[in-house]
There are 2 protein chains.
Amino acid sequence: MNTKESEMQQQIMQAAEELIMDRGFDATSTTDIARKVGCNQALVHYYFRTKENLFQQIFVKNIDAVLEFLDAYQFEGSVEDIVKKIVEAYFSVLSQHRKLPFIFVSQLLSNDDRRMFVRDYIVENERRRRVYYRFDGVVQRAVASGQIRPIKTLDLFMNIVSLIIFTFVSLPMYMDWLRKDEQEVQAYLQERQEEIVRSIVYSLRPL
Amino acid sequence: MNTKESEMQQQIMQAAEELIMDRGFDATSTTDIARKVGCNQALVHYYFRTKENLFQQIFVKNIDAVLEFLDAYQFEGSVEDIVKKIVEAYFSVLSQHRKLPFIFVSQLLSNDDRRMFVRDYIVENERRRRVYYRFDGVVQRAVASGQIRPIKTLDLFMNIVSLIIFTFVSLPMYMDWLRKDEQEVQAYLQERQEEIVRSIVYSLRPL
DNA sequence: ATTTAATTTAATAGACTTATTAAACCTCCG
DNA sequence: CGGAGGTTTAATAAGTCTATTAAATTAAAT
């Protein structure tokens with residue numbers, strides 16, 4: 001039992017991640033994963049025992065990546081600067097992995113156990129919650145100093161996340177319904193990013 | 001072949017709608033539907049032939065309901081009034097059917113055919129598109145008159161929808177992770193509704 | 001009352017799923 | 001060389017799912 005993951009194990013996880021991110025958890029069978037890797041289906045179970053377990057490992061990996069990303073910011077500067085940085089950061093990641101928000105959300109909604117699993121992983125963990133607390137501090141100081149209008153941190157957080165997430169979640173509709181090609185989508189995402197920053201920042205102007 | 005749907009057919013559709021709205025399309029089997037109604041599983045196929053067909057009928061019913069709802073507004077008054085009305089309207093419907101936004105979105109994302117089906121149903125239909133055009137007129141007039149800052153109608157539309165939809169989509173996380181009971185959720189939704197209106201309206205203030 | 005038509009059921013085909021088991025295949029160490 | 005252990009495979013159990021078929025039942029109509 002190596003502590004190092006074998007080559008094959010990584011390949012399987014990689015393939016599984018791509019397939020799940022592309023088609024969702026339920027629509028991805030262990031047979032699909034094996035076919036993509038080019039190995040036997042039983043091998044997926046040999047390394048991960050259950051499909052659920054495989055999913056959780058992928059999930060945790062992605063959560064860690066996002067948290068680390070956010071944590072890297074020292075949250076310096078004005079709220080405006082921070083909002084801009086957060087939006088930029090999310091957009092740069094999600095532009096590469098457009099379906100991630102949807103998969104993330106859908107898996108958390110359809111399955112109570114997984115929701116609890118994430119709660120234990122993030123919310124119940126002091127170190128991981130720190131990211132939010134730091135943000136809270138910055139926002140409430142800005143409110144107190146009159147730099148921005150009064151707003152609850154949770155509301156501001158929800159606003160930011162809503163606008164970002166939904167942009168990507170609705171992207172397939174934008175493309176198909178308005179018949180946009182890849183180039184137009186790129187431009188749209190860029191404009192949308194700027195507009196989101198504007199909308200948030202403007203909505204925070206003192207009365 | 002009656003033009004009027006039989007009693008049983010309606011029961012099946014009703015049961016299917018409830019189950020699908022609660023658990024999603026994939027997680028709802030025709031057997032589940034039949035069990036809920038108390039009839040034989042084959043009867044579901046007798047009336048609707050395929051599960052996909054059953055789903056589409058439910059989908060169209062809900063789309064029509066939403067569009068009719070929005071169309072009922074004459075879009076009079078300031079942009080501020082209209083935004084407030086739209087948000088209120090959505091919240092009043094979605095509070096009763098909290099999972100609707102998620103089911104709606106997830107079904108549109110996971111299945112290309114369904115996305116095309118909706119495109120043909122809404123986007124390609126002049127009468128149904130009218131709702132959006134009317135909104136566009138109001139917004140651009142308000143921009144031209146300097147009543148609100150310059151903004152594309154699509155951006156404003158996306159902002160409104162994002163904030164509303166994501167509130168409901170993330171509700172299960174809010175409840176489980178922050179351990180909120182039903183009463184607290186009610187209050188949260190009320191506050192969130194007001195905050196969304198505030199955020200939108202403030203974000204539109206002229207520079 | 002008998003025939004016709006619509007509804008409902010039981011049974012089942014056929015295709016997938018996840019997961020397990022035992023056997024085969026390597027690779028490396030003594 | 002020979003066995004030991006980790007790796008990979010084929011085979012398959014046991015379950016799910018949609019959809020179809022033919023038979024049974026009910027209702028309506030002449």
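All values below come from the heavy atoms of this structure, side chains included, with hydrogens, waters and symmetry mates left out. Naming: A, B, ... by sequence-line order, numbering from 1 per chain.
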Undergrad: Over how many whole Å does the gap from B:L19 atom CG to D:dC17 atom P extend?
TA: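 For the pair B:L19 CG and D:dC17 P, the rounded distance is 12 Å.
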Undergrad: Rounded to whole angstrom units, what separation is found between the CZ atom of B:F25 and the C1' atom of D:dC17?
TA: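 After rounding, the gap between these two atoms is 12 Å.
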Undergrad: Between D:dT7, C:dA19, C:dT8, spot the one nearest the side chain of A:Y46, thanks.
TA: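 Between D:dT7, C:dA19, C:dT8, the one nearest the side chain of A:Y46 would be D:dT7.
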Undergrad: Run the side chain to side chain donor-acceptor pair (under 3.5 Å) check on B:D32 and B:S29 step by step: do they pass?
TA: CA-CA 5 Å; B:D32 292 332; B:S29 68; 3.2 Å; yes
Undergrad: Watson-Crick or G-U wobble partner for D:dG3, using a 3.5 Å limit on both distances?
TA: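 Pairing partner, where one exists within any strand: C:dC28.
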Undergrad: Quick one: B:I33 CD1 to D:dA19 P, roughly how many Å, whole number?
TA: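 Value for this atom pair: 11 Å.
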Undergrad: Report yes if a side-chain nitrogen or oxygen of B:H45 is closer than 4.0 Å to either non-bridging phosphate oxygen (OP1 or OP2) of D:dA19; otherwise report no.
TA: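 Answer yes for this pair, as a side-chain N or O of B:H45 is under 4.0 Å from OP1 or OP2.
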Undergrad: Check the pair A:R192 / B:N159 against side chain to side chain donor-acceptor pair (under 3.5 Å), numbers first and verdict last.
TA: CA-CA 10 Å; A:R192 190 80 197 120; B:N159 286 356; 2.6 Å; yes
Undergrad: Within the 3.5 Å criterion, strictly below it, is a donor on B:Q190 or B:Q186 matched to an acceptor on the partner's side chain?
TA: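 Side-chain D/A pair, B:Q190 to B:Q186: absent.
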Undergrad: Kindly check if the number of other-residue, nucleotide or ligand heavy atoms within 6.0 Å of CZ (B:F157) is above 12?
TA: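 Incorrect, the count does not exceed 12.
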Undergrad: Closer than 4.0 angstrom, basic N to acidic O: yes or no for A:K61 and A:E68?
TA: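 No, A:K61 and A:E68 are not salt-bridged.
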Undergrad: Would you mind reading off the distance between B:I20 atom CD1 and D:dC17 atom P, rounded to a whole angstrom?
TA: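 Computing the B:I20:CD1 to D:dC17:P distance gives 14 Å.
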Undergrad: Figure out the CD1/P separation between A:I12 and D:dT8, and round it to whole Å.
TA: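 The answer, rounded to whole Å, is 8 Å.
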Undergrad: Nearest to the side chain of B:M8, which nucleotide is it out of C:dT8, D:dT18, D:dT20?
TA: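 Among C:dT8, D:dT18, D:dT20, the one nearest the side chain of B:M8 is C:dT8.
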Undergrad: Please determine, for the side chain of B:Q41, which listed nucleotide (C:dA19, D:dA10, D:dA19) has the closest atom?
TA: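 The closest nucleotide is D:dA19.
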Undergrad: Take atom CD of B:Q9 and atom P of C:dA6, then tell me their distance rounded to the nearest Å.
TA: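 For the pair B:Q9 CD and C:dA6 P, the rounded distance is 14 Å.
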Undergrad: Want to settle it: does A:T28 or B:C39 sit nearer the 5' end of DNA chain C, counting the closest nucleotide to each?
TA: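 So the residue in question is B:C39.
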Undergrad: Closest to the A:T30 side chain: C:dT18, D:dT18, D:dT9?
TA: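 Of the options given, the side chain of A:T30 lies nearest C:dT18.
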Undergrad: Where the side chain of A:Y47 is concerned, which of D:dT18, D:dT8, C:dT20 is the nearest nucleotide?
TA: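 Nearest listed nucleotide: D:dT8.
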Undergrad: If you check every side-chain atom of B:S29, which of D:dC17, C:dT18, C:dT21 has the closest atom?
TA: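 The answer is D:dC17, which lies nearest to the side chain.
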Undergrad: Given D:dT9, C:dT8, C:dT17, which nucleotide is nearest the side-chain atoms of B:L43?
TA: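 Selected nucleotide (nearest to the side chain): C:dT8.
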Undergrad: Could you state the atom-to-atom distance from CG of B:N40 to P of D:dA23 in whole Å?
TA: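 The answer, rounded to whole Å, is 16 Å.
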Undergrad: Calculate the interatomic distance between A:E7 atom CD and C:dT27 atom C1'; express it in whole Å.
TA: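 Rounded to the whole Å, the gap is 17 Å.
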Undergrad: Under 4.0 angstrom, heavy atoms only, what part of the nucleic acid is A:F48 near: base, sugar-phosphate, or nothing?
TA: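 Answer is nothing: A:F48 stays at 4.0 Å or more from every strand.
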